[in-house]
Amino acid sequence: MRHVIALDVGGTGMKAALAGPGGEVLHRARRATGRAQGPEAVVAGILDFAAELHAYGAEHFGTPAAAAGVAVPGIVDEAHGTAVYAANLGWRDVPLRDLLTQRLGVPVALGHDVRTGGLAEGRVGAGRGADRFLFVALGTGIAGAIGVDGRVETGAHGFAGEIGHIVVRPGGSPCPCGQHGCLERFASAAAVSEAWAAASGDPDADAADCAKAVVSGDPKALAVWQQAVDALADGLVTALTLLDPRTLIIGGGLAEAGETLFAPLREAIRRRITFQKQPTIVPAALGDSAGCLGAGLLAWDLLASTDRMEVTP
């Protein structure tokens, strides 16, 4: 059966699948990223894992994978197939697409993890059927994916969708990016965890604990939560004004709070918009499988474009 390799590389673990032409998952596998051993070991681990998946497909499905799609964190130059920088993996300017192509002998597509997850959410997840969507992941940081007609916009330099670095509180908390007052310093899961740990006096408290306290009516938790929601709404309205998406998909750890987040967020956005149209605001549907599913889509898209080139006279 014709299939592709789909590989999602995270800071601590890698999720992989062999995906059929209809997106069906034929085989799943996981492996530790091994970042404690250094960036060279991480790259070697990715190459070895991909080679094992390639061999598994050849043995069990009668033919090796026709292509591979790989999603990685950090700054990614998708056009040149380079993993430019990832703080949590320690690498810089890794020609990952070329390395994988040489190892596997098949075409390889390299993508940014959040944009790749957003691609999956837009095509087969919560945004299915939407011609224009914005996917926003609220995790340790905040990043997004801009979807247009079934594809995700990368931007001229590979930075499209970095909504976490919209300044929502000028002169506010410093951000590692060099600015002050970035959205992710106020509305990411990490920011809410930090604020709630300070407000509750419990250094181990996190965003999930804050959400539970909000449900129970704790006034300190309500204050922390509302500050995050207000900052998030400010950043999202800026994005809505620029992009005018039909569907806004919210994922990541903070979105696991469900309506505890979505109800006040919808209201906060409604209060802020004037001429803009409020999009449908929905939770992400694919969970931690989005990156892997998106990587498979990248691989099939690459094959489709290759096939078109081959039949063009």
Original post:
Are V4 and L7 connected in a single hydrophobic cluster, I mean Ile/Leu/Val/Met/Phe/Trp/Tyr linked by side-chain heavy atoms less than 4.5 Å apart?
Top reply: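 No, no single cluster joins them.
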Original post:
In terms of hydrophobic clustering (I, L, V, M, F, W, Y; side-chain heavy atoms under 4.5 Å; direct or indirect links), are V9 and V106 co-clustered?
Top reply: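 Yes; tracing contacts between hydrophobic side chains, which count when under 4.5 Å, links both residues.
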Name each donor-acceptor pair under 3.5 Å that joins a side chain in residues 204-214 to protein atoms two or more places apart or in another chain, with its distance.
residue: D206; atom: OD1; partner: A208; partner atom: N; Å: 3.2
residue: D206; atom: OD1; partner: D209; partner atom: N; Å: 2.9
residue: D209; atom: OD2; partner: D206; partner atom: N; Å: 3.0

Do [X] and [Y] have side-chain heavy atoms sitting under 4.5 Å apart?
| X | Y | value |
| --- | --- | --- |
| L26 | E24 | yes |
| R2 | L303 | yes |
| P283 | I250 | no |
| T280 | L248 | no |
| W91 | V94 | yes |
| L110 | V76 | yes |

Original post:
Do any pairs count as a salt bridge (charged side-chain N to carboxylate O under 4.0 Å, His left out) and have a residue in residues 99-111, sequence neighbours left out, and if so which ones?
Top reply: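 Pairs touching residues 99-111 that pass the test: D48-R103.
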Subject >> R272 side chain vs A268 backbone, donor-acceptor pair below 3.5 Å >> reply: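 Judged by distance alone, yes, a pair lies under 3.5 Å.
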Original post:
Salt bridge or not for D77 and R92, using N-O below 4.0 Å?
Top reply: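 So D77 does not pair with R92 through a salt bridge.
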Name the atoms and distances for all side-chain donor-acceptor pairs under 3.5 Å in residues 158-178, with sequence neighbours left out.
residue: R169; atom: NH1; partner: D234; partner atom: OD2; Å: 2.7
residue: R169; atom: NH2; partner: D234; partner atom: OD2; Å: 3.2

Original post:
Do you see a donor-acceptor pair shorter than 3.5 Å between the side chains of D230 and Q226?
Top reply: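 A donor-acceptor contact under 3.5 Å links the two side chains.
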Subject >> Donor-acceptor side-chain pairing of T154 and E78 below 3.5 angstrom >> reply: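 E78 and T154 do not have a side-chain donor-acceptor pair below 3.5 Å.
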**OP:** Identify the heavy atoms of L183 and A231 that sit nearest to each other, and give their distance.
**Re:**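 Looking at all heavy atoms of both residues, the closest pair is CD1-O, 3.2 Å.
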Original post:
Does E267 have any side chain to side chain donor-acceptor pair (under 3.5 Å) partners at least two apart in sequence or in another chain, and if so, which?
Top reply: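 Partners of E267 by the side chain to side chain donor-acceptor pair (under 3.5 Å) criterion, ordered by chain and then number, come out as R270.
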**OP:** Just jot down the side chain to side chain donor-acceptor pair (under 3.5 Å) partners of R31, sequence neighbours excluded, or say none.
**Re:**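 R31: side chain to side chain donor-acceptor pair (under 3.5 Å) contacts with E52.
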Which atom pairs, one a donor and one an acceptor, fall under 3.5 Å between side chains of residues 120-145 and the rest of the protein, sequence neighbours left out?
residue: E121; atom: OE1; partner: A126; partner atom: N; Å: 3.0
residue: E121; atom: OE1; partner: A285; partner atom: N; Å: 3.1
residue: E121; atom: OE2; partner: A285; partner atom: N; Å: 3.0
residue: E121; atom: OE2; partner: L286; partner atom: N; Å: 2.8
residue: R123; atom: NE; partner: G150; partner atom: O; Å: 2.7
residue: R123; atom: NH1; partner: D301; partner atom: OD1; Å: 3.1
residue: R123; atom: NH1; partner: D301; partner atom: OD2; Å: 3.4
residue: R123; atom: NH2; partner: G150; partner atom: O; Å: 3.0
residue: R123; atom: NH2; partner: D301; partner atom: OD1; Å: 3.4
residue: R123; atom: NH2; partner: D301; partner atom: OD2; Å: 2.6
residue: R128; atom: NH2; partner: V124; partner atom: O; Å: 3.2
residue: D131; atom: OD1; partner: R246; partner atom: NE; Å: 2.7
residue: D131; atom: OD1; partner: R246; partner atom: NH2; Å: 3.4
residue: D131; atom: OD2; partner: R246; partner atom: NH2; Å: 3.0

Subject >> salt bridge (charged side-chain N to carboxylate O under 4.0 Å, His left out) assessment of D202 paired with K220 >> reply: CA-CA 13 Å; D202 179 359; K220 291 182 179 178; over 6 Å; no
